[in-house]
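To find a chain, count down the sequence lines: A is the first, B the second, and so on, and within it residues start at 1.
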Amino acid sequence: MDYNFGEIEPRWQNYWREHRVYHIDNVSDRPHYYVLDMFPYPSGAGLHVGHPLGYIASDIYARYKRLRGYNVLHPMGYDAYGLPAEQYAIQTGQHPAITTEKNIARYREQLDKIGFSFDWDREVRTCDPKYYKWTQWTFIQLFNSYYCNQCQKARPIAELVDVFAKQGTEGLDLACTEPMDFSAEEWNSWDEAKRQQVLMNYRLAYLADIPVNWCAELGTVLANDEVVNGLSVRGGYPVERKLMRQWSLRITAYAQRLVDGLERVEWTDSLKEIQRNWIGRSEGAAVWFPLDVKSNGNVLPGAQAYMPQFDPQPVPSFEIFTTRPDTIFGVTFMVLCPEHELIDQITTPEQRQQVQDYVTWAKNRSERERQAEVKKVSGVFTGAYAINPLTEERIPIWVSDYVLAGYGTGAIMAVPAHDSRDFAFARHFNLPIRQVVSLEKDVVSDPATWEESMDAKTGYSVNSGFVTGMKVKDAMKAVINKIDEMGIGHKTVNYRLRDAIFSRQRYWGEPFPVYYKNNIPYTLPEECLPLLLPEVKEFKPTATGEPPLGHADRWAWDEKNRCVVENSKIDNVTVFPLELSTMPGFAGSSGYYLRYMDPANDDRYFSEQAVNYWQNVDLYVGGAEHGTGHLIYARFWNKFLYDLGMVVKDEPFQKLINQGMIQGRSNFVYRSKADNNLYISKGLVKDKDDVTAIHVDINIVDNDVLDIEKFRQWRPEFADARFELEDDKYVCGWEIEKMSKSMFNVQNPDDLVVRYGADTLRLYEMFLGPVEQAKPWDTNGIEGVFRFLKKFWRMYENVSDESASKTELKIVHQAIKKITDDIERFSFNTSVSTFMICTNDLTAAKCNKREVLEPLLVLIAPFAPHIAEELWHQLGHETTVCDAEWPKFDEQYLVEDSVKYPVSFNGKMRFTVDLPTKCTQEEAWAAVKAAEESRKWLGDAEPKKVIFVPNKIINIVL
RNA sequence: GCGGAUAUGGCGUAAUCGGUAGCCGCGUCAGACUUAGGAUCUGGUUCCGAAAGGAGUGGGGGUUCGAGUCCCCCUAUCCGCACCA
């Protein structure tokens, strides 16, 4: 009987579904293991072959763990909120829920055909009210929490209210938007509005006017990770910086813990590095530079706000951040960012016009322009001076947009000799450059002759007062100690990470459980969740520029009756307007892995029992492109829930595997420029300039050979095409590009399943190369894997119960060991090779023994579950192969009686000798001398040394 | 510019501890079976060479009896960040 995958695969898929073979309970005496895939956004295009790569890998591992006796949680769901469905809705009027539902159905159909072992009873969808209830719930908890820097933990905000009433901010160290300082008396004297305003400064989910990435085209703000090179990731529209009142999550409070936690997880170094980079921890010093009041009579009293509170003799001053406190003796100018509030106050009348012009120009520059013209130096002198607190020199204060408002204090001390940006600025405006670090002690040169600054943190201080002669590292400490002593600065840590903007001016997202009473936001009572996404007439922003929820008729909160009512009832006494923004995509994906543990629970996010059993994700498989988005937000989300005592592990994903992207392999035909209807086969193209390369659909190309008839039918303009053939074939060119519709290189898994079956697709995707590696999709090799499965199938045609020979047992036991090792280290491409070798060997040995073939089925079951299940039942088993026991290998079959030792002379391999497995150096040496070939290399000479490595090699040094 | 990764036949790749480089597959060549083959099977296939032999893991150096593997320098490609003080 032939290998009829088209009949076998659907039959077993139905069997698995009907018998709920992949249903998993939260109660088991087996050890637990949690294998998770990054759930997909169900786009209209459906799955391409790149998507299942990670799913197949994780499925293999999940099935393997199950066969090894684990209770394996392996769920799947959909990240169902998102922009494409909404854009589609704006264009067509079709409700995003319908589009999404349709896409999900298509995804499910495609996934089912590949034979995954997902427990679909646990499916979650982020747009399902039963799910987003808990997204909203978490938001309320964040809103009701603050972060204590001393205990490095989130705490209930109610606690803070009590403390404020007793001691004000005295002795507190809190994560906040703006540092504040008030006494208990002040707090107690404030009214509700003022108190709420103050509390907002500390909440972990807070509302604030912040510079945001505004994308006018999409009509929404975007998070930093959603913007690349000043363009939106989705759509590629320009993004500008704009000050807007937005919800944010105070993820910066967790910056240090997010860095530290990376030490404890098994992720690739590169991804950890990406996250460390994104968090951008840098150590340095905060230093207060006094203004030179004498030189500048117009410093306003407001500048006092910049004074260190501990300074007994207040002098107007401002704070800078530097990672190079050791270079403070080399400061030759100061720079403020164009947004700095001090600019207005210090600018001299003579400079005022110039400064104002510059600031206006800088503000009107788009983020994209600014980033594109990084090399262009611009700036203007304010006319004001600061005093270097260590040298008491007067230093000019400039304004330039190379200093960013959002990092540090938006002001720097410029040390042109030792910072490339300051160097460029100094050269451009002809400002002095002073060397204060040299590679060797006391060796200095004239910076005027330098081509670039000396940025490295190595060498010795020179020209630097009391630190002269010290090593750079020591000088840093010495300067920090000194400024600390003087009360003008201290050691500090800065992070590049910004708080996560949490509002989106869109329709298709989770509504905020928030209403506004006298413009103060209040959260809904938890019992009233979920707050359902309202129906709207239009999905566009309103005429007044409000988000789409502004179109909703029923979008007001009746505080007394605790329900959503008509907008017309808003009286701002008992009925209030609800928040019009929705939450961003990462809201729903930040905690979904926890919900899988207990997906049907209506009373809790997930039960204590469930989380205590599953703990956290043991293995997470997904793309590295989420390194600065989802993978940071989810860690933050998890750490917050950990602080609440809801989860038991403070890191959500113990081990992370990043599957490489699958690129497309495009095919081209070459059209002659001289003759518009003539297509020249690749090998006959003499000069690339004579032809135009045209993308051709990969579905009408087989092994780079064009199907000429299909090509003529493909598009009308090719109907009369003529060809210059080589060997009667038209050979296409190819190139590796992104998989995309417009390049006609999208490979759809369904077509391959129809043609070769799911098992072949699964094996082939693994055979392509290491899971972690990015690689182009190339269908050319799939035949080899298909041939292997047909061969494998034939082995089971006549299974005999006779006992197997030692040689046969050896083959299978070696396979057991190899496959087990391969799976454990995620090397699935070599596993597939091992199956091929094993099958070749057994076929050659004409082996048909059950003793050998049965364990082999269990080995292959994780990779090719359908064929394994079919043959397993053909062998007479009643139960599914999924619950079989992973075979154990027997050492005795792995040890050879004799070993062919390679014999090398001076490291160069010359011949081999047969030796018993256990033999001594003397015996080995005697055998080498006795060997015929050795005379040639040895002659009469005695070797200097004989190196004998058991089971490895004999090397003779002459 | 900073950080990370990668580099092996015509192609995808393998070599798990520093020990015979190129397993397995594609492609290709030769053969068998066949009316036929886009089916199946057998054998060859890193390069140079008729062979003996020699060279060979991006380039250069080093450690070692022995290096694809470890160390240093360089080059190329990919990825991440990017005026982050």
Residue-phosphate contact under 4.0 Å: A/N829 side-chain N/O, B/A14 OP1/OP2: yes
Protein and nucleotides 62-72 of chain B: nitrogen or oxygen contacts under 3.5 angstrom:
from	atom 1	to	atom 2	distance (Å)
B/C65	O2'	A/N955	ND2	3.4
B/C65	O2	A/N955	ND2	2.3

Gap in Å between the two C1' atoms, one belonging to B/A14 and one to B/U69, rounded: 14 Å
Any N/O donor-acceptor pair, A/K791 side-chain to B/U40 base, under 3.5 Å: no
Pairing pattern in dot-bracket form [Watson-Crick, G-U; both distances under 3.5 Å; | = partner strand] for RNA chain B: (((((((..(((......[....)))((((((.......))))))(((....)))..(((((..]....))))))))))))....
Give each protein N/O atom lying under 3.5 Å from an N/O atom of nucleotides 81-83 of chain B, with the pair distance.
from	atom 1	to	atom 2	distance (Å)
B/C81	O3'	A/R496	NH1	3.4
B/C83	O3'	A/R421	NH1	2.6
B/C83	O2'	A/Y402	O	2.4
B/C83	N3	A/V374	O	3.2

A/Y358 and A/S378 side chains, donor-acceptor separation under 3.5 Å: yes
NZ/NE/NH1/NH2 to OD/OE distance under 4.0 Å, A/D751 and A/R755: no
Touch class at under 4.0 angstrom, heavy-atom based, for A/R794 against every strand present: sugar-phosphate
Side chain A/R281, main chain A/V493, donor-acceptor under 3.5 Å: no
Nearest heavy-atom neighbours spanning A/K952 and A/Y901: N-CE2, 3.8 Å
Residue-phosphate contact under 4.0 Å: A/K790 side-chain N/O, B/U40 OP1/OP2: yes
Other residues, nucleotides, ligands: >12 heavy atoms within 6.0 Å of A/E932 CD: no
Distance flag, aromatic centroids of A/F429 and A/F333, threshold under 6.0 Å: no
